[in-house]
Trainee: 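Take this structure, written in structure tokens, and hold onto it; I'll ask about it next.
Ligands are counted one by one from 1 in listed order, and the atoms in each one are counted from 1 as well.
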Amino acid sequence: MPVAPVSTFRETKVPRHIVCLTFDFDTQSGFIARGMTTPTQLSRGEFGLIGARRILALLKSSGIRATWFIPGFTIESHAGACEAVVQDGHEVAHHSWAHIPPAQQSREEEEADLVRANDAIARLTGRKARGYRSPSWDLSENTIDLLLAHGFLYDSSLMGADYWPYRARRGDQAELGKPYRFGEETALIEMPISWSLDDYPHFEFVRTKESILPGLMNTELVLENWISDFVYMKQIMKWGVITYTFHPFVIGRAGRMLLLEKLIKKLKAGGAIFTTLENAVAEYDKRAPFKQ
Ligand SMILES: [Zn+2]
């Protein structure tokens, strides 16, 4: 029987299985960050504007509030589309300004980008972001410190667990030929993610000089995977959170919207409680307060 590591965690008597639907509203930013700036490549990101409208309509009719990670680039390029997200009551969280992974930036570059994007979010929503997700899920050794210094409550870029939030650490030591050493826990709450719960690798076809990402999977098969991950959470956890990651330019296309619709229906039928990451973070914080 699998066991979940919930040592300091206050358990619940009534089962509570939380689902966070998250949308990385990249539009063209990811393509520009990778130097893919021909008209056709850019138009792939542009399709995210159509996808976002479809997603917002589905979330509204399903009565679900979600978390949208919006790069500063998208806020400043497509203001109306971002205002629609805010108007529908969704959480807006931080996803960099220019969609460059922190692991590729100096500390100064990373901090400048962090501040610039947070200012854009404050102008859009009236408050700074509570949560952060790094472009391409690749934190630098400075990211956790910078997030704490800038008042963030949570990150959603690491893969150290699946169904339970945990405290992000700083100063882990990984050296070839030496045992691994964990660093110290920080107050920052990690809401873990996984490529298996992300639409991008399953569906997006990407061909570059170096590699091909085949994508274009059958939606029913991916639906089966995504439902199984929820079912397993119910099997091993009384209280747990599962976070799905979608991109409007990926999930917003045709039959994939039917997949999203079916996923929501099946999760609801299975007892899922839908909420934003910010709310799930607050709930976790109460159940497992940070001890310094
Ligand atoms: Zn992104």
Trainee: How many angstroms lie between atom CZ of Phe31 and atom OG1 of Thr40, to the nearest 0.5 angstrom?
Mentor: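 Rounded to the nearest 0.5 Å, the CZ-OG1 separation comes out at 11.0 Å.
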
Trainee: Could you tell me which residues satisfy side chain to side chain contact (heavy atoms under 4.5 Å, CB included) with Ser62, sequence neighbours excluded, listed by chain and number?
Mentor: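 Leu58, Ile64, Ile264, Lys268.
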
Trainee: So, for Trp226 and Tyr244, which heavy atoms are closest and what is the spacing to 0.1 Å?
Mentor: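 The answer is O-OH, 2.8 Å.
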
Trainee: Around the Zn ion (ligand 1), list the protein N/O/S atoms within a radius below 2.8 Å, excluding water molecules.
Mentor: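 Protein N/O/S atoms under 2.8 Å of the Zn ion (ligand 1): Asp26 OD1, Asp26 OD2, His95 NE2, His99 NE2.
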
Trainee: Not counting sequence neighbours, which residues clear salt bridge (Lys or Arg N to Asp or Glu O under 4.0 Å) with Asp229? List them please.
Mentor: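 If we apply the salt bridge (Lys or Arg N to Asp or Glu O under 4.0 Å) test to Asp229, skipping adjacent residues, there are no hits.
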
Trainee: Mind checking whether Trp137 and Trp195 have side chains closer than 4.5 Å, heavy atoms only?
Mentor: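 With C-beta onward as the side chain, the pair touches.
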
Trainee: Restricting to pairs with a member in residues 253-263, which pass side-chain hydrogen bond (donor to acceptor under 3.5 Å, both in side chains), not counting sequence neighbours?
Mentor: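 Every pair satisfying side-chain hydrogen bond (donor to acceptor under 3.5 Å, both in side chains) with a residue in residues 253-263: Glu220-Lys262.
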
